[in-house]
Amino acid sequence: MARRLDRGGAEPARGRPGMVAWGLAGLVGLAVLATAGVSVQALYAGAAEDGEAQRRPPLTVETMTVVFEPHHLARESFVGRAEPGRETRMAFERAGLVTAIAVEEGDSVAAGHVLADLDARPLRIEQRRLRADREALEADIALAEATTRRRQSLVGEGWASRQALDEARFSRSALVARRDAVDAALEQVALDLEKSRITAPFVGRVAARHVDEGSVVAAGTAVLTLQEEARPLARIGVPPDRAASLALGQPVAVLYGDQRLEGQVARKVADLETATRTVPVLVSLPPSPAIASGEVLRLELRRPVLGRGAWLPLAALSEAERGLWSVMTVRDGADGPIIGREAVEILHTEGDRAFVRGSLTEGARVVVAGPHRLTVGQRIVPIAAVARPGMEG
């Protein structure tokens, strides 16, 4: 019978499979012993750490009492821009030559302040001519009245006809009508003189100057742009559901950089902005010369979110596994207060604090800062923390 040869042409050694099995079993045993050794070493290390924590002198720590709330107010911000309450492109109602621009861009003006003038010399000439015509008519009317009185006397004595008396009366009436027409023309000239001057209709600031002296402008040509300063507004896009919850006159907070302004909801535009899917809300702001038109503002709203939890300072949290966080708590030990640890989940953050839930209980005491320098089981001396930003409920 032919013998099976290995790849090298040599006969395989007898009993080799058994030796391989014994070798594998030995390796597994070594691995188990090594694992057990590591576990025992970890246990000894933990025990040593706990023992060391017990031997350390008590550490003074600041603590706060956990107070649970049924919900929290989530802060929402919506961006918008500042705009004036009124913005007017000031223009002359008649054509003419611009002779004076009395303001510059950025100037603040009061109501009634003169802004610009047109050349009014042709109107003043026309005004003098009409006044002369009126004086001539007044003289003709006086003569017609005297003539009427004389003819009325002659008619009574039979020396004049009634036709001559009627002619004198109607002549006077025609002269009076012509005088009334001249008076109307004088009023029109006076009105044109008023329209030759632009005055500020409200307290505001000159935002733009469009023409200079010497320009010939048509009626309605913009000369200046005036923006109202007394009633600044913020135009902010808000989602429809949040806009529906806002009432006219409701106080709201508007942030301008680091400055917090107290405003009121002035108007809500009915049409939806198709590009942003928001509703424009106009918020009236307190007068502030520092807010220029077009400045970026943020509307801050509060929305209640149901869910039981407690506010804790961010400094009290340390990162744990699987997206959770942990906090150091105060427990009762055999020799006094010691450090414990509880797991929490962050639901909402705001500034220097967080709204959390987890294994904490009502009334538990939490170390407010420095959890990295503490170990479980360490003896401590807890003191009430001094109120600081981020610790308010």
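Heavy atoms only: backbone and side chains are in, while hydrogens, waters and symmetry mates are out. Because the structure is a prediction, the values reported are computed rather than measured.
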Show, in sequence, the C-alpha distance, side-chain angles and deciding distance for Asp183 and Arg134, and conclude whether the salt bridge (charged side-chain N to carboxylate O under 4.0 Å, His left out) test is met.
CA-CA 8 Å; Asp183 288 340; Arg134 191 180 191 286; 2.3 Å; yes
Once rounded to the nearest 0.5 Å, what's the spacing between atom CZ of Arg341 and atom OG of Ser359?
11.0 Å
Tell me yes or no: between the side chains of Ser245 and Arg242, is some donor less than 3.5 Å from an acceptor?
yes
Within the supplied structure, the quantity of interest is the number of heavy atoms (other residues, nucleotides, ligands) at a distance under 6.0 Å from Arg121 CZ; does it exceed 12?
no
Short side-chain to backbone donor-acceptor contact, Glu213 and Ile101, under 3.5 Å
yes
Salt bridge check: are Glu300 and Arg260 linked by an N-O gap of less than 4.0 Å?
yes
Looking at CD1 of Ile236 and CG of Leu282, how far apart are the two atoms once the value is rounded to the nearest 0.5 Å?
9.0 Å
Donor-acceptor pair, side chain of Glu362 and main chain of Phe68, under 3.5 angstrom
yes
Quiz question: by atom type and distance under 3.5 Å, do the side chains of Ser196 and Arg94 form a donor-acceptor pair?
yes
More than 12 foreign heavy atoms under 6.0 Å from CD of Glu93: is that the case here?
no
Glu342/Arg331 salt bridge by N-O under 4.0 Å criterion
yes
When you check the gap from the basic side-chain N to the acidic O, do Glu105 and Arg209 get nearer than 4.0 Å?
no
Working to the nearest 0.5 Å, report the span between CG of Leu312 and CG of Leu360.
6.5 Å
By salt bridge (Lys or Arg N to Asp or Glu O under 4.0 Å), Arg172 pairs with (sequence neighbours left out) Glu145
Quick one: do Arg81 and Glu295 satisfy salt bridge (charged side-chain N to carboxylate O under 4.0 Å, His left out)? Show the steps, please.
CA-CA 5 Å; Arg81 293 191 178 275; Glu295 288 279 8; over 6 Å; no
Between the side chains of Ser318 and His372, does any donor sit under 3.5 Å from an acceptor?
no
Using a strict cut-off of less than 4.0 Å between a Lys/Arg side-chain nitrogen and an Asp/Glu carboxylate oxygen, indicate whether Glu69 and Arg357 qualify as a salt bridge.
no
Beyond-backbone contact of Ile338 with Gln378, side-chain heavy atoms, under 4.5 angstrom
no
Salt-bridge criterion met for Glu350 and Arg302 (N-O under 4.0 Å)
yes
Backbone N or O of Leu226 within a donor-acceptor pair of the Thr88 side chain at under 3.5 Å?
no
Give a yes or no on whether the backbone of Pro84 and the side-chain of Glu228 come within a donor-acceptor separation of less than 3.5 Å.
no
Sorted by chain and number, sequence neighbours left out, ring-ring contact (aromatic ring centres under 6.0 Å, His included) with His348 holds for His72
